[in-house]
**Q** 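First, the structure itself, so that you have it in front of you.
Since this is a predicted model, take the numbers as computed values, not measurements. Every chain is numbered from 1 and lettered A, B, ... according to where its sequence line falls, protein lines coming before strand lines.
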Amino acid sequence: MDIQRFKRGMTRGRIILLAMVLLLAAQGVLISVGISYTNSIRGSIQAQQTDLVLQQSDQTVTQRLNDVNNLLLLLQMPDFSLFTANYLNLRDESVAASEEKRLLDKLEALHLSPDIVDSIYMIGENINQISIRKASKDHSLEVLPLLRKDLLHQTGLDVFLLRNHDRFIRYDRQAFDEVYHPEESKLQPAERNEVDSFINSLDGRVVLVTGSDKILTVVVLSDLLFGQAFPAGLSGRMFLSVVRDDSSLLWSSSQQKDVLDSVAADDKKTATAAGVFTNVSSEIQPFGIRIVLSSLQPQNIMDESGLMINMLAVSVGTLLVAFLFSFFYLRFVFRPFRLISQKIGSRHESSGNTPVFRRIPEKLMGSRFHAVSLRNKLAILFCIALGMLISTNGFLLSELLTGEIDSLITNSATVMGECAAIGISDQVDSYEGLANQIATSQQLQDYLINNKRNEYSPAEPLKMFPGLNRVSYIVLFNKSGGSIYSSVYSNNDKVFSIASMQLKDFDEPYWIYNYNDILGQTSVVLFRKINVESMDQSVWLLIVPKQEAFQVAKTGQIAATYSILNSAGVLFNSNEGASRPGGAEGLYAQKLSGGPGWTLSIRYSFSEIAAMKQAFRERFLLSILIVFLLSAGLALSISTILSKPIARLTEAMQTAESDGAAKPLVYDRGDEIGGIIHSYNRMIVRLEDATRENLCILEENARNKIRENELVAMKTRAEMNMLQAQINPHFLYNTLATINMQSIRHGDEGTSRIVNALAELLRYSISTSSDIVPLDQEIKHASNYITIQQIRFSNCFHASFDVPDEIGSLPVLRFILQPIIENSIKHGFEGWETGGEITVTARLNGENLILSIRDNGVGMDDETLSGLRSEMERDLAAWQAGSYGIGLKNVYYRLKLHYQERMNMVIHSELMKGTEVRMEFPVITRAEEMDA
Amino acid sequence: MKKTVVVMLALVMLTMPLAFSACSTSPASAAASVAPAASPTAATATVLPTPAPSPTPAAPVTIRTSLSEGELSKDQIAAFEADHPNIKIEIEAVDGTKLAAELATGDAPDLIRLSGAFELSSYVIRGIAMDITQRLETSSVIQMNDLLPVCNVYRFDGKTIGEGPYYGLPKDWSNDYALFYNKKCFDAAGIAVPDPAKALTWPEVMDLAKKLTLKDGDVIKQYGLSATEWGKTEANFNFMLQYILSAGGKISSDDNTTMDFNIPAVKDFLNMWVGAVKSNIGPNTLNNDQTSGGDLFLANKAAMLIDGYWYSGVIRGNADAKAHIDDFGMLPTPTAPNGTRQAATGGATGCIIYSGTKHPDEAWTFFEWYFGGKPADDRAATGWGMPIFKSKLALLPQATNFDKQVFAVLQDESNYQGILPVNPYLSGGGWGIFDKYVAPLYFDKSTIDEAIAGMTKDANVAVTDARNAVK
């Protein structure tokens, strides 16, 4: 039973399996399309982000290096360098002290950040000069009693350091050890201590050295110089390294040896335990430095467990829903099959040997749904249900992946934004630093004091000032806002006059946001008050940064729309006027640390990503469409496959109906249709059995009927016998014999003949002896009848008998000639007055006796003849006595009843030519008759 | 039948991702293709047509020189390369440290620029300079008998500069310790310009400078002497060498292994200069005037300037000075008291051929052309330095009175071309030692004997170190 049920569920199971396979495959397609696109988009984002971060880092690092380089240039200017070249050790202590203070003030006024410059060494040539060290974090000068250029020369260190003069370099202890051998040098212990201390402070640090005969200037940089140029939060995923063109590493945000090695070796890729890092680099030309950005290659997105789990959840959920839906839906769809199958099946099982067929109600499944064809139901399943599931699934997957991409973009924007924020902050610091540096310029002070150019060096006071290449122009204002110097249009000072309210009594640089520059543009500019020494007055320095000063880096692939707000929330720098680029967008907004408290907002637009996202979406939709079409195709083919056996079954049933012969169907699968077909086949087998049984019963019934009829006949005979007994035919016969005697007496011969014939007729008719008589007797009876009729009809016909003597005694059924002769007379000669001929012939044909009654009467037309023949062919039971041929039919049926299939009766008739009735039956003796 | 459908379907489904993945890679590959598209241009821009190492005659040889672009113009290079298609000339800027590094790896320029007076012997000792004597003797461009005696600074026999083989030639030279005068300042002081036909002694120069120094109260209106065009009016090591040369002193042992400054000439020289500095005859450390001597001289704020013939070119080129150029003139190189006239050169900048050159013949071809060919004529005509050939002296400017005056003194000076007594092991190292011990003298923080002792000590240390380094 279970197996049957299972088998019956096979089709459903297969459809469910097919649906699952379809769904699984669709999911495979969607997921792989999704993963492939997401990976590709992520790769693209990463590459573009790397590009932009590299560019931004390049800007930032270049800016920082430029600032440091400018500082070095500044320190070489006489304002600073003279201190170590002016024999201060030979001069009065008070002079030296005041010069020291002057230098300290100047250095302090530079506001050197300890994050950029760790310390500065200004080393004099020999013992006549002063050497100092200034640490950025300390507000004092450290005078170095012994460290001098000639001392370093003795150790070879000056040549060693100057070998890389004006270039950023990092020395480690090993490098120093190669040149510096204190035990071999003739240094005094105190000298050695100072040299050691000097080396220690340089060890492992990035330094910038420059020198002349008189002075050696060493700028020792802070590790944060580069560290701050790169967002700290990227550690692990992205490293920035700064490498010299001789492949020595200056700095790296990475501590991983394999990353550092590959960066130094200029490899493009580094495989580490954490993954593969891709290195891209950018040259910072003037310094012989390249920065290398090592970014962790994104793993396959599937490796990210969160997404993986979510996608799996969606997939499994979809599969589960699809499974449950198809299971129950198909159960519902196949319910009629199951019911039919069950109903067919249950009948032959429940009623023993005799099948009891009841009609299966035509409204077996009353609902409207089942009015829908199987094809459409499957179409609903595959196209609509599965299609919707796949669409939903696709939508969910798409959302997941899009969400992933969006989060990537957001992360990317944060990374890039942080880099940009550092860049902008650096610009602010750099301009403020420049303002501070200019404020310390002795040349400027001299210019301000004399209010004219130095007579021996007629160059403009600030023309060669390091870092001025980054400004659009500078202007000096007096306290009433009048211009007293400008780097451009110096012959037309009035164009620069500004409202004195913009000149504030701040000691620090300050920013003004609504300054109208000479090109009529509103710019953000920097002011710094400069106190003019020995004149007790102040002037204000205006620095107008170049247009591109506060730009955010962008690439061909990533557009950056940014705006900068000052601390009051007023927008002062933006490129938002530019047409807003389309594309996937990531936002960044952050208040910049330090400086004037600006807020930077950037909208990064990934143009290519938007196109890829679009392509992804389209591909997704296309996949869904293809799956949808496949579902439709599948629904069609499945329904065709399912419909075929049903159609065959229906056809077989219809054929069975018309032919009355049902044939079993060959169908070897054990599905629902198989169930029905099997049930049908079993039913046919049962039906055939039943039909065979019925035929037997019918035969039995017929035999019973004959017996019954025979009983009836016997009964009739008995009744007749009883009547005969009552009427006493002998009385009638005797009476007729008396009439005959009377007639003879009266000479009425004609009457005598009639009466005699009638009496013989009567005697033959009432004879009870047997139904079987010798042929002679039957001939005699016919002859008597003819005699009477000849008299009745005035001898309008003539009759002759051709019966050989030897067959006269053969037994025949009674009353088989007279009715036929009666027909000939009644119908054949109707209306005739003369000329009728009746010939009765008897012949023996083997064991059969052939009797022929032929007349030359009017005969029968074809219609009458065929009607008669067909009437004779009719079932005995259905025989009804018609108007024509009652006698003939009576004879026929009696012969049939008696001889059954062994008799034959043929009627030949032609219009106006006559009719012949010919009968053939076996000669049966009385004994044989009794046996039968 | 149904199974076939399932299999077919599965196959279709399985191939779909392949098809999609193939499609989906296109955006990424498009992005990636940007880089390769850009790189060929970058590559073509950076790849230099380096000569093939195979000795095919068509491949030109590149000769590198550390001459500056001001000394060897692009036009000159183009002209040379046009005449010598097998040689390419490349200028390579090197400083001392870079040159040292290149020498260490044997990759120094083929023609190394140097100061003949101070550096030649040092380069020879270190084996860097190629002996070109034989090439000079057989040269058709350079006639040895036409060379001025100044070329001897490029000869060194291991002990004495000026003797032995030739290792190079100066491109030009000057009598670097001669005097220029500004007549305006002389006029301002009411003093007559000395006779240019006669060399003053250095003490006479100092006395004259004192007289020419004019003060308005404490404010100096005019200095008497600018010692150099770039610096202060103070003594330096080179001045001392010229003084010793003139005085006939000797500070190095014969084999140059030891030095001793304790000679009368040095004492006299130092005494003279300490007095001069204390007298504020020019901008110096004591008065802390940072104005350069040249600026003062050209601005009529210094009456005299110690400098060579080449400075006449500066005077000719200065707009302010040009306006009254006839006020300027040259005086012969002063002598030590009772000393000989020694119009020595303190520079004689020129070239040696690097002994490690891979193309000595081509290097020589270029050397010959640069020092004896058209560039030599071009240089002489500018008046920025004297030619090294007697035959080319006539090419010097002689158009104006100034030209003529300077040329006349120069012709006289060329008769007294001694060679500074440079110790090959000390080379240019004397400046630092000198400054270290002499500056305290100006502040009375030391004595002359102490200074001489200190200089002698440090110089011997340096000489010993240098000798050890060469060994």
**Q** Which answer fits B/L298, side chain, backbone, both or neither, if we ask what part of it has an atom under 4.5 Å from a heavy atom of chain A?
**A**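 Neither; nothing under 4.5 Å.
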**Q** Report yes if some heavy atom in the side chain of A/N86 is under 4.5 Å from a heavy atom in the side chain of B/Q290; otherwise report no.
**A**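 In contact.
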**Q** With a 3.5 Å distance limit and no angle check, can you tell me whether A/N128 reaches the backbone of B/A439 through a side-chain donor-acceptor pair?
**A**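 Checking the backbone N and O of B/A439 against the side chain of A/N128, no donor-acceptor pair under 3.5 Å is found.
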**Q** Among all residues two or more places apart in sequence or in another chain, which pass the salt bridge (Lys or Arg N to Asp or Glu O under 4.0 Å) test with A/D246?
**A**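 A/R244.
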**Q** Less than 4.5 Å to any heavy atom of chain B: does that hold for the side chain of A/R148, its backbone, both, or neither?
**A**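 Contact with chain B is absent: no heavy atom of A/R148 under 4.5 Å.
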**Q** At what distance, to the nearest 0.5 angstrom, does CG of B/D458 lie from CG of A/D150?
**A**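 That separation rounds to 7.5 Å.
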**Q** Check whether A/H165 gets within reach of chain B through its side chain, its backbone, both or neither, counting any heavy atom under 4.5 Å.
**A**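 Side chain only.
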**Q** Any non-hydrogen side-chain atom of A/N89 less than 4.5 Å from a side-chain atom of B/K445?
**A**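 Heavy-atom side-chain distance check fails, nothing below 4.5 Å.
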**Q** For atom NZ of A/K186, is the number of surrounding heavy atoms from other residues, nucleotides or ligands below 6.0 Å larger than 12?
**A**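 Not more than 12 within 6.0 Å, no.
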**Q** For chain B, which of A/L30, A/L24, A/N126 has the most heavy-atom pairs under 4.5 Å?
**A**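 Option with the top pair count is A/N126.
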**Q** Just to verify, what does A/D245 make a salt bridge (Lys or Arg N to Asp or Glu O under 4.0 Å) with, not counting sequence neighbours?
**A**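 Expected list: A/R167.
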**Q** Side chain, backbone, both or neither: which part of B/D465 has a non-hydrogen atom closer than 4.5 Å to chain A?
**A**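 For B/D465, the side chain is the part near chain A, not the backbone.
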**Q** Taking every non-hydrogen pair under 4.5 Å, which of A/N164, A/D92, A/L90, A/V159 racks up the most with chain B?
**A**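 With the most close heavy-atom pairs to chain B, the winner is A/L90.
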**Q** Rounded at 0.5 Å granularity, tell me how far OH in B/Y442 sits from CZ in A/R91.
**A**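 Rounded to the nearest 0.5 Å, the OH-CZ separation comes to 12.5 Å.
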**Q** Check each atom of A/I41 against the heavy atoms of chain B and say whether the ones under 4.5 Å are side chain, backbone, both or neither.
**A**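 Neither part.
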**Q** Looking at CG of B/D435 and NZ of A/K214, how far apart are the two atoms once the value is rounded to the nearest 0.5 Å?
**A**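 Separation between the atoms: 3.5 Å.
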